[in-house]
Amino acid sequence: MNAYDPVGTKVFETEVLIIGGGVTGTGMMRDLALRGVNCLLIDQKDLNAGASGGNHGLLHSGGRYAATDWQTAAECRVEAQILKNTAQDCIDECGGIFAAVEGDDPDFAACFPDRCAKAGIPCHSLSPAEARAREPSLSDKVFAAFAVEDATIDPFHITLGNVNHAQKLTDSVYCPHTEAVDFEVASGTITSVLCRDNRTGDSVRIRAKQVVNAAGAWAMNVARLAGCTDVAVLYAKGTLIISNARMSNGVINRLRVPGDGDILVPGGTVSLLGTSSDNIASPDDVRPTINEVDRILREGIGLVPSLEHTRFIRAFSGVRPLLQTPGTDVDGRKASRGFRLFDHEDQGLSNFASLVGGKLTTYRLMAEKTGDLVARRLGNEAPCTTATALLPTGEADRWTKPGFAPRYWYKRNDPTDAILCECEMVPQSAVNEIAADAVGAEKNMTLRAIALRSRIGKGSCQGSFCAARVTSHLYERDVYECGEGRDHMRDFVSERFKGVRPVVWGKQMPQMELAEALHCGLMGLDLQDVGNNENGDGTA
Amino acid sequence: MAEMPNIIAPTIDFQAKAHDLLPDNASYDSCLSCGLCSSGCPASGFDGMDPRRFIRMAMLGLNEELSNTPWIWTCTLCQRCAYVCPMSIDVSVLVGYARSNWPKDKKPQGIVRSCEAQMRFPSTSAMGVMPDDFVEIIEEAVEDLRDEDARFKTIEAPMDKKGAYFFINQNSREPATEPEELAPLWKIFDYVGADWTYASKGWAAENFCMFTGDDDAWKEMVKQRVDAVNELGCKVWVNTECGHSFYTLWKGVERFGLQADFEAASLISYYAQWIREGKLPVNSDWNTQGLKFTVQDPCQLVRKSIGDPVADDLRYVATKLVGAENFIDMQPCRSANYCCGGGGGFLQAGMNEQRLAYGKRKFDQIEVTQADYVLTPCHNCHSQITDLCDHYEGGYRVIHFWTLICLSLGILGASERRYLGPGLADIGLSKSTS
C-alpha cells in the first residue's frame, strides 16, 4: 500500500503482470506458468475483447500469405501443426481450399503451388469439378483450385483454456475489467502498475517483477503509459459476417491477392465471411457498418454464389494490431503479419516488454519468445514447453464449443435442467457452472461475461429470449439484485444489436422485429435510464 | 431419469433434408426460435423434445439424437406448429421422414401391423376386413335394418354400383366391431335421396401406412382407392366421419401425382349443404334438457386439409342440431385446435401413458366447456376423447354426427344409441318403432 493510494485500494503482488487478455496474453500466462512462474493477467474489459474475439477463427495453413509474406506463411504452417497436436479439442481440422474464379488473375493462381512450396506449405491441385465436389457451394466459375491444410480454432475456448491451465499450475490470477492507468518507475524499473477497476471505479496497485504488454491494438497506449515511444501500431479494422447455418465443409479462400470478403470459414454450426480492411485512427468503439457488410458480401458472392440468399445473423468487427515499422507502407492489407517483441531496454526500462503484431495462428510462438525473455530476466531456466504440452480445459470452460451444450443436455436427459438459450440450447446447469467456476467468474457476472464463456446469445435470435431468461434465472439464484440484472440485460442486447443492425434484411428482419417487440414493446428497455454498461460510458 | 434409447436408425442430415423438403422461405433456416410451435404443442416435453427443439437440434447438427428420438412417435403430425409458425415451418414433414427412417421392426408395432393388414387385401382395411366379408356384413346389416324398421324396408346400401354420383368410404370400425353404427349413415343418404355406392375394393377409410412414414405404402393404399373410384366412375369421393382418411387421399393424390377422375369431399360439407337445402330438416327441438355440446375439429380434416370452410360447416351443422345456445366451442378451436392425441397412429402405437398425458390438454379444454357431449367426425378423435374421459374421470360422452342427425329426424333406431347417455336413450324411439 502506497501512502498516496486512495482508501480501499487493492494491492496485488505477482512475479509477472500481463496486460491484455487476448490469445497472446493468455498464451503468455500459460507459457510462464508452465515454467513455474506466477502471473497476474488483467484486461480493461474481458477475455478476447479485441482482435482475439474479432476474427474468423481460422487456423491458417499459411496459404493466405504464401505470395506476400512467405516467412509468416511458414510460421503459420509450423504453428498450426503444433496447435493441432496440443489443443485438439479447440480445433476443427476441416481442411481448406484456395479457389480462383473467372475474373481473378490466372497468373497469381498459377504461381500458388510454387509459393506454397517455398514456404513448405502442403498444397495439391484440384480440378474445378473436384473442388466443387468437396465444396458444393463453390461457384461454377472456378478455374483453379488447391487443397490446403486450413483448420478452424475456437479462440474463446483456447483463451479460457490457457487461463484455466495457468491458474491450476501456479495459482496465477486473472482480473477482468482492470485497466492500467499509470506506471511507477524507479531507477529504470517499473515498481508498480496502477490500475482502475472499470466496473467499480476502485483503484488497484499491482507490484510485479516483470511487466508484459500484450494489449494488442492497445499496446501502443500501454507502452506510452510506461514512457516508451518505440511501439507503433497500425489499426486495421476488419469486419466479418456470420451466417445462420454452416455453409461449407472446410475453409474456402479466394485465390488472389488478399482482399475484401475472400475467406469463408466454418465456425462449428455457422460460417464466417470476411473480412474488410480499413485503417482507423483509434481501436476503441469499433462497430460494423452496412457499407462494410455490402463490400464483403459483394466479393464473397463471386466465390460462393449462395451467399446472396444466405441468412446472416450478425456482423462484428475487430482491429488488427499491425506492426508498423518506420518507412513501411501503411496499407493494412500489405503490412506484415509478423510480430515483434520489444524489450524496451533502449527506452531505459529493464523489466518491461511489449509484444506487437502477429496472428492468432502464431500466438503460441509469440508467447514463447516473450516467455523466454521474461524467464531469462527472472533467472528462470525452465524451457518453454507449450510446443508439446497438451492444453487441458476446465469443466466450466467447455461451453464455447458449438453443439457441446445441446449434446451434454440431451445426454443427461434431466427434465429439471431447463434450457435457457433455445437457439444454442444452453441449459441452466451450464449457466450455473460458468457463474460459479469459469475463468474470470465473479459475483454479479454480467450477461456479456457469461455469453463470452458460452454460446448464449450467439444463435439466430441473438439474445432476444436468452437475455431475459438468463437474467431471470440469475435473479432467482440471488446473483442479481435490484436493477443490475436489467442493466446487464440492456447492455447485452444493445451490444448484440450493434452487430445485427447491418445485416437486418430477409429472414433476419422478422427476427429483429420480434426482438424489438420483446425488448422494447414488452420490457421497455429503450425507455429506461441509461445505466452503466461495461464500457462505462453509456454507449451501446 | 429415463435412459436414452440406443442407436436405432441410420443418421439423417436433418438440416439438409429440411432444405430439400420444405419451401425455401419456410425451412429450418427461417426459424425465429420464438417457441409458438412448442407452447401450443401437446407433445412438448416428452423425451425432452418439442418442435422448436427439433428445429434447433437440426440446426446444431444433433442428427444422431434426432434420428433416434422416440419423440417422433408422440408427435401426431397434427401440424399445429406449422399453422402458428410466423414463418410457416412445418416440423411434421421431417418427423414423418424420421419415422420412415426407423427400421420396421423398431417402429411401434401396432401401426406397422395396421399398415400390413391394409396391404394384405384389396379392401385396404386396417382391421383386416376382406372384400367378401365387407359385402356380407353390409348385406346382413341392410337385412337387419329392413326387418327392424318398417320405414326402411326397401333401403339399400349399394355395392360396386357403376356411375353412382357418390363413392362412400367406410371406416373399418363399423363393419368389424359395431355394424349397428352403419345404418344411421344409410338412413341419411336415403333421406336425402343420394345416389351413392360402396365398393368391395378400396372402400376402407383409414390409412396407417401414412403414419409408419412409409411413403410407398401410403401411395399404394391411396392408389388402390383412387383406382376403385375411377373404376366405378363416381363423381365425388365422400369421406365419412373419419379425419385422417380425408387427408391421406386428398394429400396423397397431390403428393404422388395420382390421376383422380373425381372430387374429394367431406361428408360434413354435404351434411351442411343438405341442411341448407332443406333436404335434412334437422332441428334441436329434441334437446329439451338443454344438453350442452362441443365440437372437436379433427386436425386432419380441418387444419391439415379443408380449413375454415369445413370448420364453419361443422359449427353450422352442430348448432342446427343442438341449438345455438347449447353449443360451446373449445378454445382455441377450428384450425388452431389442439390435437386430441389420437392421431398420427398414437392410438395404435402402444404408448398409452404418453398418449393419455398428451390428451390432458384436450381433456381440460373439454371440461372447461362443461359440455355433456363432444361431437366429432373422426374415429381416432372419438376413441381418444372417450379414453381421456375414462382416464381422467370426465363427465362427457363422445358421439358421431350421424347419430344426432338421425335422432333429430326421429329415425334413430334403438340399437344405434350405444354412444348416447341415458337422457337420450328413448328420445324419438316411439316414432321409429311405429
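What you see is a predicted model; the values in this text were computed from it and never measured.
- At a heavy-atom separation below 4.5 angstrom, chain A is approached by B:Gln15, B:Asp24, B:Asn25, B:Asp29, B:Ser30, B:Cys31, B:Leu32, B:Ser33, B:Cys34 within residues 12-46 of chain B.
- Taking CG from B:Leu60 and CD from A:Glu424, the interatomic distance works out to 5.5 Å, rounded to the nearest 0.5 Å.
- Listed by chain and number, the residues in a salt bridge (Lys or Arg N to Asp or Glu O under 4.0 Å) with A:Lys84 amount to none (sequence neighbours excluded).
- The residue among A:Pro402, A:Gly268, A:Pro406 with the most heavy atom pairs within less than 4.5 Å of chain B is A:Pro406.
- With rounding to the nearest 0.5 angstrom, the SG atom of A:Cys421 is 8.0 Å from the CZ atom of B:Arg56.
- In the displayed structure, B:Gln109 atom CD is contacted under 6.0 Å by more than 12 heavy atoms of other residues, nucleotides or ligands.
- Most heavy-atom pairs under 4.5 Å with chain B: of the set A:Cys423, A:Ser243, A:Ser464, this distinction falls to A:Cys423.
- To the nearest 0.5 Å, the span separating CD1 on A:Ile419 from CZ on B:Arg53 amounts to 4.5 Å.
- For A:Glu130, the CD atom sits in a packed shell: over 12 heavy atoms of surrounding residues, nucleotides or ligands are nearer than 6.0 Å.
- For A:Arg501, the CZ atom counts as loosely surrounded, since its 6.0 Å shell holds 12 or fewer non-hydrogen atoms of other residues, nucleotides or ligands.
- Among all heavy-atom pairs drawn from A:Pro510 and B:Met87, the shortest one is CG-CE, 3.8 Å.
- The existence of a salt bridge linking A:Glu422 and B:Arg52 is confirmed by a sub-4.0 Å separation between a basic side-chain nitrogen and an acidic carboxylate oxygen.
- Under the ring pair (Phe, Tyr, Trp, His ring centres under 6.0 Å) criterion, B:Trp218 pairs with B:Phe256, not counting sequence neighbours.
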Please tabulate, one pair per line, all N/O donor-acceptor pairs under 3.5 Å involving side-chain atoms of residues 339-348 of chain B, not counting sequence neighbours.
none

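- Interface check for chain A: of the options B:Met59, B:Glu65, B:Met49, the most heavy-atom pairs under 4.5 Å are formed by B:Glu65.
- Proximity to chain B is absent for every atom of A:Gln508, based on heavy atoms less than 4.5 angstrom apart.
- Exactly one residue among B:Thr69, B:Leu66, B:Asp47 makes a side chain to side chain contact (heavy atoms under 4.5 Å, CB included) with A:Tyr410. That residue is B:Thr69.
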